[in-house]
Engineer: 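Can you read through this structure? Questions will come right after.
This structure is a prediction, so every number in the text was calculated from the model and none was measured.
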Amino acid sequence: MSTTDLEVLAGELTTRGLVAELARGGLRVSNPTVADCCGAHPSTVITCRDRWDLNAIWFYTSWGEPLAPVTRPVDAARAVRRWLSRTPGRTPSTALA
């Protein structure tokens, strides 16, 4: 896992109003502005790992969702923002990116 890639992503996430901090095992991200954010997923831990089918390193959520290649931290930050900005029973909105 690349700490540098996670640090770059942390910067992108904090500019979008999320809390991002390096922790053991990855980058812990939460959205303190959404009450009851995301049902069972009020936060996530982002890791970097190989996506063998695309021969590239990607950002992944703690629940196994691939976000974007590490070369595209803005896209990953937008995806995390969408996931952590929804309320229970609603799907993520693309307008929140």
Side-chain angles (χ1 to χ4, degrees):
M1 171 173 54
S2 171
T3 302
T4 302
D5 293 327
L6 292 175
E7 289 171 340
V8 170
L9 179 58
E12 292 294 336
L13 292 164
T14 57
T15 63
R16 288 166 173 75
L18 300 175
V19 175
E21 57 190 358
L22 286 173
R24 183 177 297 194
L27 179 67
R28 178 167 298 283
V29 184
S30 62
N31 187 347
T33 63
V34 176
D36 298 324
C37 166
C38 316
H41 302 291
S43 67
T44 189
V45 176
I46 306 297
T47 58
C48 301
R49 63 181 208 235
D50 186 34
R51 183 149 181 197
W52 60 269
D53 59 331
L54 299 176
N55 197 28
I57 306 296
W58 275 53
F59 293 113
Y60 276 82
T61 66
S62 55
W63 58 90
E65 181 77 21
L67 296 168
V70 296
T71 57
R72 294 175 38 200
V74 171
D75 293 340
R78 288 177 178 158
V80 171
R81 174 89 167 104
R82 282 192 302 271
W83 278 106
L84 296 183
S85 294
R86 64 190 178 118
T87 54
R90 286 186 28 205
T91 56
S93 169
T94 56
L96 294 172

Engineer: Provide the closest heavy-atom pair for Ala79 versus Leu67 in the form atom of the first, atom of the second, distance.
Structural biologist: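 Shortest heavy-atom contact: CB-CD2, 3.7 Å.
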Engineer: List the atom of Pro73, the atom of Val8, and the distance in Å for their closest heavy-atom pair.
Structural biologist: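 Minimum heavy-atom contact is CG-CG1, 3.7 Å.
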Engineer: Please give me the minimum heavy-atom distance between Gly26 and Val45, naming the atom from each residue.
Structural biologist: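 Here Gly26 and Val45 meet closest at CA-CG1, 3.8 Å.
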Engineer: Hey, what do you get for CG (Leu27) to CG (Leu18), rounding to the nearest 0.5 Å?
Structural biologist: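 The CG atom of Leu18 is 10.0 Å from CG of Leu27, to the nearest 0.5 Å.
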Engineer: Would you check if the side chain of Asp75 reaches a backbone N or O of Ala68 as a donor-acceptor pair within less than 3.5 Å?
Structural biologist: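 A pair under 3.5 Å: no.
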Engineer: Going by side chain to side chain contact (heavy atoms under 4.5 Å, CB included), name the residues that satisfy it together with Val74, two or more places apart in sequence or in a different chain.
Structural biologist: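 Expected list: Glu12, Arg16, Arg78.
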Engineer: Would you indicate whether the side-chain heavy atoms of Arg81 and Asn31 approach each other to under 4.5 Å?
Structural biologist: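 The answer is yes, as the side chains (C-beta and beyond) meet within the 4.5 Å cut-off.
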Engineer: Could you pull out all residues at least two apart from Glu65 that satisfy side chain to side chain contact (heavy atoms under 4.5 Å, CB included)?
Structural biologist: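 Here the qualifying residues are Thr61, Trp63, Trp83.
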Engineer: Indicate yes or no: at least one non-hydrogen side-chain atom of Val29 is less than 4.5 angstrom from one of Leu9.
Structural biologist: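 Sidechains of Leu9 and Val29: no contact.
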Engineer: Which atom names give the shortest non-hydrogen contact between Pro32 and Gly17, and what distance separates them?
Structural biologist: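 So the two residues come closest at CD-O, 4.1 Å.
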Engineer: Is Thr44 reaching over with its side chain to a backbone N or O of Ser62, donor-acceptor style, under 3.5 angstrom?
Structural biologist: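 Looks like yes, one N/O pair under 3.5 Å.
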Engineer: Pairs under 3.5 angstrom only: tabulate donor-acceptor contacts from the side chains of residues 48-60 to other protein residues two or more places apart or in another chain.
Structural biologist:
residue	atom	partner	partner atom	Å
Arg51	NE	Asp53	OD1	3.2

